[in-house]
Engineer: 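Next up is a structure, given as structure tokens.
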Amino acid sequence: MGEKVKLGIVGPGIIWHKVHKEILKKLSKHYQIAAFSSRSEKSREKAASEFPCAKTYDDYKKLIKSDTVDAVVVLTPIMLNAPVAIYALKSGKDVYVEKPMAVSLRDADKILELEKSTGLNIYVLEQIVYSKAWNKLKKIIRSGEIGEIVMYDKLSHGLLAHGA
């Protein structure tokens, strides 16, 4: 991977502060937080104080249309995930969206159709893989405490290849 992917964060609320901010700090060799969008002035001010080099927007459409970002991280209330993701894909941006990506099958299909027709990518984020509970579970399984495990399956991916 060459240059850092410049990310625009749409909806820097609870899930941003509790999960994604720390994860992206750990991945700072690959990602740069370039912009934030929030309807809340308080959220924009907090983002600007924590990431002074990032631009802030009061409208996600302005963030998405800007040349400031390569890809968009959608951390909005669930009802807004699909509309923001669809707008971003239509605007030529890859999308990382907190699950669920849509509240209807129609919207989910539209997102997948746009991904295919544009050649862009939609990544649905599930942050449970970063939980300390996984390490605890691994210890319990290896200890034999719960008996012989017949099957255990966990799939997680590493760094997502932007634009691949």
Side-chain angles (χ1 to χ4, degrees), residues 1-104 106-108 110-112 114-115 118-135 155-164:
M1 187 176 239
E3 291 185 32
K4 291 182 182 184
V5 178
K6 294 178 283 186
L7 296 175
I9 311 300
V10 178
I14 293 169
I15 198 69
W16 165 251
H17 291 289
K18 289 190 176 264
V19 178
H20 295 287
K21 179 171 60 171
E22 291 307 314
I23 293 166
L24 286 169
K25 281 182 182 179
K26 291 176 185 176
L27 296 171
S28 64
K29 290 190 321 188
H30 307 284
Y31 295 102
Q32 172 189 341
I33 308 303
F36 291 92
S37 170
S38 177
R39 291 181 295 185
S40 162
E41 185 176 344
K42 184 178 176 182
S43 289
R44 290 192 308 273
E45 287 173 357
K46 186 170 184 176
S49 71
E50 293 176 337
F51 295 86
C53 293
K55 292 187 176 185
T56 59
Y57 298 89
D58 61 358
D59 181 341
Y60 73 87
K61 291 180 179 180
K62 292 177 188 174
L63 177 147
I64 291 169
K65 287 290 188 185
S66 78
D67 292 334
T68 305
V69 299
D70 301 320
V72 179
V73 180
V74 182
L75 305 175
T76 56
I78 293 169
M79 295 296 292
L80 295 175
N81 286 354
V84 176
I86 289 167
Y87 189 82
L89 289 167
K90 285 182 175 180
S91 299
K93 307 289 182 175
D94 284 324
V95 177
Y96 302 82
V97 61
E98 180 65 38
K99 50 86 177 113
M101 71 176 179
V103 293
S104 73
R106 178 182 298 144
D107 283 346
K110 187 171 187 175
I111 289 168
L112 295 176
L114 277 168
E115 179 186 42
T118 62
L120 295 166
N121 297 292
I122 180 97
Y123 303 103
V124 180
L125 305 173
E126 171 53 74
Q127 69 278 356
I128 193 70
V129 298
Y130 298 99
S131 170
K132 293 177 182 173
W134 286 111
N135 291 330
L155 172 68
S156 64
H157 301 278
L159 182 65
L160 298 171
H162 169 72

Engineer: Less than 4.0 angstrom from a charged side-chain N to a carboxylate O is my criterion; do Glu45 and Lys42 meet it?
Structural biologist: no
Engineer: Check whether any side-chain heavy atom of Met101 lies under 4.5 Å from a side-chain heavy atom of Leu112, and answer yes or no.
Structural biologist: yes
Engineer: Drop me the distance from Lys61's NZ to Lys65's NZ, to the nearest 0.5 angstrom.
Structural biologist: 9.5 Å
Engineer: Is a donor on one side and an acceptor on the other found under 3.5 Å between the side chain of Arg44 and the backbone of Ser37?
Structural biologist: no
Engineer: Do Leu125 and His20 come within less than 4.5 Å of each other through their side chains, counting heavy atoms only?
Structural biologist: yes
Engineer: To the closest 0.5 Å, what do you measure between OG (Ser43) and CD1 (Ile9)?
Structural biologist: 13.0 Å
Engineer: What's the separation between atom OG1 in Thr68 and atom CG in Leu7, rounded to the nearest 0.5 Å?
Structural biologist: 12.5 Å
Engineer: Minimum heavy-atom separation for Ala102 and Asp107, please, with both atom names.
Structural biologist: CB-CB, 3.7 Å
Engineer: Report yes if some heavy atom in the side chain of Leu120 is under 4.5 Å from a heavy atom in the side chain of Lys93; otherwise report no.
Structural biologist: no
Engineer: Looking at Lys26, Lys25, Lys18, which one forms a salt bridge (Lys or Arg N to Asp or Glu O under 4.0 Å) with Glu22?
Structural biologist: Lys25
Engineer: I need the single residue from Val95, Thr76, Leu75 that forms a side-chain contact (heavy atoms from CB on, under 4.5 Å) with Val84. Which is it?
Structural biologist: Thr76
Engineer: Within the 4.5 Å heavy-atom criterion, are Ile64 and Val69 side-chain neighbours or not?
Structural biologist: no
Engineer: Is the count of non-hydrogen atoms from other residues, nucleotides or ligands lying under 6.0 Å from Lys21 atom NZ greater than 12?
Structural biologist: yes
Engineer: How are the rings of Phe51 and Trp16 set to each other: parallel, tilted or perpendicular (split at 30° and 60°)?
Structural biologist: tilted
Engineer: Can a donor-acceptor pair be found, under 3.5 Å and without considering hydrogens, that links the side chain of Asp94 to the backbone of Ala71?
Structural biologist: no
Engineer: If I compare all heavy atoms of Ile111 with all of Ala85, which pair ends up nearest, and what's the gap?
Structural biologist: CD1-CB, 4.2 Å
Engineer: In a check of side-chain contact (heavy atoms from CB on, under 4.5 Å) between Val10 and each of Val72, Asp59, Leu80, Val97, which one passes?
Structural biologist: Val72
Engineer: Could you tell me how the ring of Tyr96 sits relative to the ring of Tyr31: parallel (under 30°), tilted (30 to 60°) or perpendicular (over 60°)?
Structural biologist: perpendicular
Engineer: Hey, could you give me the NZ/OG1 distance between Lys62 and Thr56, rounded to the nearest 0.5 Å?
Structural biologist: 10.5 Å
Engineer: Under 3.5 Å, is there a donor-acceptor pair between the side chain of Asn81 and the main chain of Pro100?
Structural biologist: yes
Engineer: Could you measure the distance from the NZ atom of Lys6 to the OG atom of Ser66? Nearest 0.5 Å is fine.
Structural biologist: 9.0 Å
Engineer: Flag yes if more than 12 heavy atoms outside Lys55 fall under 6.0 Å of its NZ atom; otherwise flag no.
Structural biologist: no
Engineer: Is any side-chain heavy atom of Lys90 closer than 4.5 Å to a side-chain heavy atom of Leu114?
Structural biologist: yes
Engineer: Atom CG in Asn121, atom CD in Glu115: separation rounded to 0.5 Å?
Structural biologist: 5.5 Å
Engineer: Look at the side chain of Lys4 and the backbone N and O of Ser28, then say whether any donor-acceptor pair between them is shorter than 3.5 Å.
Structural biologist: yes
